[in-house]
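Just below is one structure, and these are the notes that go with it.
Basis for what follows: all heavy atoms, side chains included, without hydrogens, waters or symmetry-related copies.
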Amino acid sequence: MSSLKKLLEKKKYVRIKLRKIVTNHLELDAEINSVKGKFILDTGASNSCVGMDLIDHFQLEAEESDTKAAGAGAIDMETQKSENNQLVIGKWKTKECHLVLFDLSHVNSALTQHDAEKVHGIIGADVLQKGKAIIDYDKKVLYLRKVKK
């Protein structure tokens, strides 16, 4: 066992395997409100996001948002928000996951053009900060610290 893994496990971190996809993005599986999905890990995304077309799929309560989304070549996109969702990534969980909902079709079309599979959303810096994330790019592992009850 690596010394990093041992040290982080002592500090109550959980280890989550990542997959590197053909676009060089790191991908992971997560559950929102007990529904499984596939997500890109994006340290440059300020908020975690889910496609607007998946509101029912993830049992989200959506409300209007004044925020405009920008990223991956698209700007000024309408968004909605969904607060206090349960997010589970491996053995890490929070019941206070706030999501931005917007049209992810530009993200998914970029992925499929490179023969990568579509994703349900993006895990962003908000979750990474909450979990005091450490990413081991060499081993393709994300460590998140358990949220204190």
Side-chain angles (χ1 to χ4, degrees), residues 1-60 67 69-75 77 79-149:
M1 185 184 308
S2 76
S3 54
L4 176 65
K5 183 179 173 188
K6 269 189 229 163
L7 173 72
L8 292 176
E9 283 175 354
K10 258 187 217 157
K11 294 188 177 282
K12 305 280 187 258
Y13 276 81
V14 297
R15 186 175 189 272
I16 298 136
K17 283 296 284 170
L18 301 170
R19 297 178 298 276
K20 189 173 177 184
I21 59 175
V22 293
T23 56
N24 268 343
H25 289 97
L26 295 173
E27 188 180 79
L28 56 94
D29 296 319
E31 287 183 16
I32 296 173
N33 301 328
S34 303
V35 180
K36 291 182 176 156
K38 191 184 312 183
F39 297 83
I40 284 179
L41 183 67
D42 187 348
T43 60
S46 50
N47 296 294
S48 295
C49 312
V50 167
M52 191 111 48
D53 58 331
L54 298 170
I55 291 171
D56 291 339
H57 179 76
F58 286 113
Q59 303 159 23
L60 303 173
T67 308
I75 55 169
M77 291 183 295
T79 66
Q80 291 185 340
K81 63 183 178 180
S82 180
E83 298 183 341
N84 297 316
N85 294 286
Q86 179 175 298
L87 173 67
V88 178
I89 306 173
K91 291 185 176 147
W92 185 88
K93 68 177 120 200
T94 178
K95 290 183 177 156
E96 297 173 2
C97 179
H98 307 314
L99 298 166
V100 173
L101 312 170
F102 71 102
D103 181 0
L104 277 180
S105 59
H106 67 286
V107 170
N108 279 319
S109 78
L111 288 172
T112 55
Q113 281 174 11
H114 291 91
D115 295 326
E117 289 183 32
K118 291 181 179 182
V119 295
H120 295 98
I122 295 164
I123 300 296
D126 55 341
V127 168
L128 299 175
Q129 286 173 340
K130 184 182 286 241
K132 297 178 173 35
I134 296 169
I135 302 169
D136 182 339
Y137 282 93
D138 183 48
K139 299 232 183 330
K140 293 186 217 51
V141 173
L142 168 67
Y143 291 95
L144 293 173
R145 190 163 190 208
K146 287 186 179 173
V147 180
K148 291 188 175 85
K149 301 273 185 269

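- In terms of heavy atoms, Tyr13 sits closest to Arg145 at CD2-N, 3.3 Å.
- Atom CG in Leu144 sits 12.5 Å away from atom CZ in Arg15 (nearest 0.5 Å).
- Phe58 is listed as a side-chain neighbour of Val50, based on a closest heavy-atom distance under 4.5 Å.
- Atom NZ in Lys36 sits 12.0 Å away from atom NE2 in His120 (nearest 0.5 Å).
- Listed here is the closest heavy atom pair of His114 and Val22: O-CG2, 2.9 Å.
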- [ ] Kindly indicate, with the supporting measurements, whether the criterion side chain to side chain contact (heavy atoms under 4.5 Å, CB included) is fulfilled by Gln59 and Gln86.
- [x] CA-CA 10 Å; Gln59 303 159 23; Gln86 179 175 298; over 6 Å; no
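- Here the CG atom belonging to Asn33 is positioned 6.0 Å from the CG atom belonging to Leu60, to the nearest 0.5 angstrom.
- Salt-bridge annotation for Asp29 and Lys17: absent, with no side-chain N of the basic residue lying under 4.0 Å from a carboxylate O of the acidic one.
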TODO: Please lay out, stage by stage, how Ile21 and Leu111 fare under the test side chain to side chain contact (heavy atoms under 4.5 Å, CB included).
DONE: CA-CA 9 Å; Ile21 59 175; Leu111 288 172; 3.9 Å; yes
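- Across Ile55 and Gln80, no two heavy atoms sit closer than the pair CD1-OE1, 3.3 Å.
- A distance of 7.0 Å separates OG in Ser48 from CG in Leu128, rounded to the nearest 0.5 Å.
- When all heavy atoms of Phe39 and Ile122 are compared, the pair lying nearest together is CD2-N, 3.7 Å.
- Contact of the Leu41 side chain with the Ile135 side chain is registered, since non-hydrogen atoms from C-beta on lie closer than 4.5 Å.
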- [ ] Before giving the answer on side chain to side chain contact (heavy atoms under 4.5 Å, CB included), spell out for Glu96 and Lys130 the whole-Å C-alpha distance, their side-chain angles and the decisive distance to 0.1 Å.
- [x] CA-CA 10 Å; Glu96 297 173 2; Lys130 184 182 286 241; 3.6 Å; yes
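- Counting all heavy atoms, side chain and backbone alike, Gly90 lies closest to Val88 at O-CG1, 3.4 Å.
- Contact annotation: the side chain of Val119 approaches that of Asn108 to within less than 4.5 Å [non-hydrogen atoms, C-beta and beyond].
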- [ ] Would you sort out whether Lys81 and Val100 count as a side chain to side chain contact (heavy atoms under 4.5 Å, CB included), showing the intermediate values?
- [x] CA-CA 5 Å; Lys81 63 183 178 180; Val100 173; 5.6 Å; no
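- Applying the side-chain hydrogen bond (donor to acceptor under 3.5 Å, both in side chains) test to Asn24 and every residue at least two apart in sequence or in another chain returns Lys20.
- Rounding to the nearest 0.5 angstrom, the gap separating the CD atom in Gln129 from the OG1 atom in Thr43 is 11.0 Å.
- To the nearest 0.5 angstrom, His98 atom NE2 is 5.0 Å from Asn84 atom CG.
- Residue-environment remark: NZ (Lys132) stays at or below the threshold of 12 foreign heavy atoms within 6.0 Å.
- Annotation: side chain of His57 is not in contact with side chain of Ile32 (no heavy-atom distance under 4.5 Å).
- Here the shortest heavy-atom pairing between Ile89 and Leu28 reads CG2-CD1, 3.9 Å.
- The environment of CD in Glu83 is crowded: more than 12 heavy-atom neighbours from other residues, nucleotides or ligands sit within 6.0 Å.
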